[in-house]
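Chain identifiers are assigned alphabetically (A, B, ...) following the order of the sequence lines, protein sequences preceding nucleic acid strands; residue numbering begins at 1 within each chain. Remember, it's a predicted structure, so these values are computed and weren't measured experimentally.
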Protein chains: 2
Amino acid sequence: MARAGVTVERLAEAAAELADEVGLENVTVSELARRFGVKDASLYSHIRNAHELRVRVAVLALAELADLVAAALAGRAGKEALVAFANAYRDYAREHPGRYAAMQVELDPETARASAARRHSDMTRAILRGYSLAEPDQTDAVRLLGSTFHGFVSLEQTGGFRHHARAADESWNRTLDTLDVALRNWPVQTA
Amino acid sequence: MARAGVTVERLAEAAAELADEVGLENVTVSELARRFGVKDASLYSHIRNAHELRVRVAVLALAELADLVAAALAGRAGKEALVAFANAYRDYAREHPGRYAAMQVELDPETARASAARRHSDMTRAILRGYSLAEPDQTDAVRLLGSTFHGFVSLEQTGGFRHHARAADESWNRTLDTLDVALRNWPVQTA
DNA sequence: TGTAGAATCCTAGGAGTCCTAGGGAGAGTG
DNA sequence: CACTCTCCCTAGGACTCCTAGGATTCTACA
């Protein structure tokens, strides 16, 4: 009998595709084995357990998105960079909802270090070069941007904005305008 | 044999507690039945399926948080109201991670209408009275606030801020300062 | 080329979960 | 007391995760 040619890489890729199709919580070892024409027990020589599958999707997604963001950021600065970053982020989440959901799973410290998570915060910091913020304000701003982008995309995905006339796109653009203004008028310490 | 006294309300309450203890994804019909000293099949005369359990936790959490936010908002306005709202939100998420996660499940339109979701957006709008924003900017601002709060709390929960010296609390306070400034200097339409 | 060892896949099966079907026992009502 | 409704039961099917141990295929090296 011919071998199915299962590898961890192909498994992660297939799991990511499956996640985008049916949602991350429906990514199952059995279904994946079915897609490879293999018994589910066979997959356990490639992965340790079902959780590792999700972690691998997360790592894959983090790397993919980091590449996309890097490309979007190339040659841009200031607000242009902010908008490019944000749109790359949001577009990815909409095209790959399962991969995006996977990015939110908690990674153990080692996996997190080996992942592209660092590249993400580094690129966010790069955006802030256009706004002249020193530490620790820079870290606060990185967190503000990350929070707002993720929060918007997350609420949009779970249908939070659907039952209202105002289009999500317009709110998104105004959100970016607002962030741009906020970064340029970063508040001085009040406490 | 004495009856266990299972009701939908007690089920939802127990499911919410279980979710806070072991995470929403580990809220299982079987475990819940165990806690009531009852066979799992017995619960299906109270709920239709496992999904309904999570929906009921979501509805419960939305109502609880709406009450807390309403109390926090009483007698406050402007930035004070903004901060009170935000802290009530974040505190709830930290004290009740499972309930909070449940709030992010997609509700069907009917359930959403019957839930406290509307109270949440109404109260967010109430905050904005201190900032004199007309529609559609008000809707955009509501979404910005919701996104930022949810995004921050969500990233904080999945450990996004843990591997950095800067304390999350301080970033949170600066985020609120920034939002306050942003709402007071709401950008005029650029496009 | 022959073969040892590693990698890949298999069968078999246990445990847990979700859910349905159908039956019996307690509680309240006439 | 009898009737009915609700609650809870047993029984069991389908699916998932995962382990153990065996068989097959591929690879590399003598």
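With rounding to whole Å, A/K39 atom NZ is found 13 Å from C/dC9 atom P. For A/L43 and D/dT16, the CG to P distance is 13 Å, given to the nearest whole Å. One atom, CG of B/L11, and another, C1' of C/dC18, lie 15 Å apart when rounded to the nearest Å. The CZ atom of A/F36 sits 13 Å away from the P atom of C/dC10 (whole-angstrom rounding). In this entry the distance linking CG of B/N49 with P of C/dC18 reads 10 Å, nearest Å. Between B/I47 atom CD1 and D/dC8 atom P the separation is 13 Å, expressed in whole Å. One interatomic measurement links the two molecules: NE2 of B/H51 to C1' of C/dT17, which rounds to 17 Å at whole-angstrom precision.
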Protein-nucleotides 4-8 of chain C N/O pairs under 3.5 Å:
from	atom 1	to	atom 2	distance (Å)
C/dA7	N3	A/R3	NH2	3.4
C/dT8	O4'	A/R3	NH1	2.7

Could you go over nucleotides 21-23 of chain C and give all protein N or O partners under 3.5 Å, atom names and distances?
none

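Counting non-hydrogen atoms under 4.0 angstrom, A/D40 reaches a base of the nucleic acid.
The stretch residues 18-27 of chain B does not touch DNA chain C, since none of its heavy atoms comes less than 4.0 Å from the strand.
With sequence neighbours excluded, the residues that form a side chain to side chain donor-acceptor pair (under 3.5 Å) with A/Y100 are A/Y89, A/H150. With sequence neighbours excluded, no residue satisfies side-chain contact (heavy atoms from CB on, under 4.5 Å) with A/S132. Every residue two or more places apart in sequence or in another chain was checked for a ring pair (Phe, Tyr, Trp, His ring centres under 6.0 Å) with B/Y131, and none qualifies. Here B/S121 pairs with B/R118 under the side-chain contact (heavy atoms from CB on, under 4.5 Å) rule; sequence neighbours left out. For B/D91, the side chain to side chain donor-acceptor pair (under 3.5 Å) criterion is met by no residue, not counting sequence neighbours. By the side-chain contact (heavy atoms from CB on, under 4.5 Å) test, A/Q138 is found to be paired with A/R125, A/L128, A/E135, residues two or more places apart in sequence or in another chain being considered. In terms of the ring pair (Phe, Tyr, Trp, His ring centres under 6.0 Å) criterion, residue partners of B/F152 (sequence neighbours excluded) are, by chain and number, B/F161, B/W172. Under the side-chain contact (heavy atoms from CB on, under 4.5 Å) criterion, B/A70 pairs with B/R119, B/M123, not counting sequence neighbours.
Exactly one residue among A/L60, A/D67, A/L62 makes a side-chain contact (heavy atoms from CB on, under 4.5 Å) with A/E64. That residue is A/L60.
For residues 14-34 of chain B, the side-chain hydrogen bond (donor to acceptor under 3.5 Å, both in side chains) pairs, not counting sequence neighbours, are B/D20-B/H96, B/D20-B/R99, B/E21-B/R35, B/E31-B/R34, B/E31-B/R35.
Judged by closest nucleotide on DNA chain C, A/G37 is the one of B/Y44 and A/G37 placed further toward the 5' end. Residue-to-nucleotide proximity on DNA chain D shows that, of A/E31 and A/R48, the 5′-proximal contact is made by A/E31.
In summary, A/R166 and B/D137 do not engage in a salt bridge, as defined by a charged side-chain N under 4.0 Å from a carboxylate O.
No more than 12 heavy-atom neighbours from other residues, nucleotides or ligands sit within 6.0 angstrom of CZ on A/R129.
Side-chain atoms of A/V38 lie closest to C/dC10 of the nucleotides C/dC19, D/dC17, C/dC10.
Between C/dG16 and B/T28, no contact under 4.0 Å exists linking OP1 or OP2 to a side-chain N or O. Proximity of B/R34 to the phosphate of C/dT17: a side-chain N or O atom is located under 4.0 Å from OP1 or OP2.
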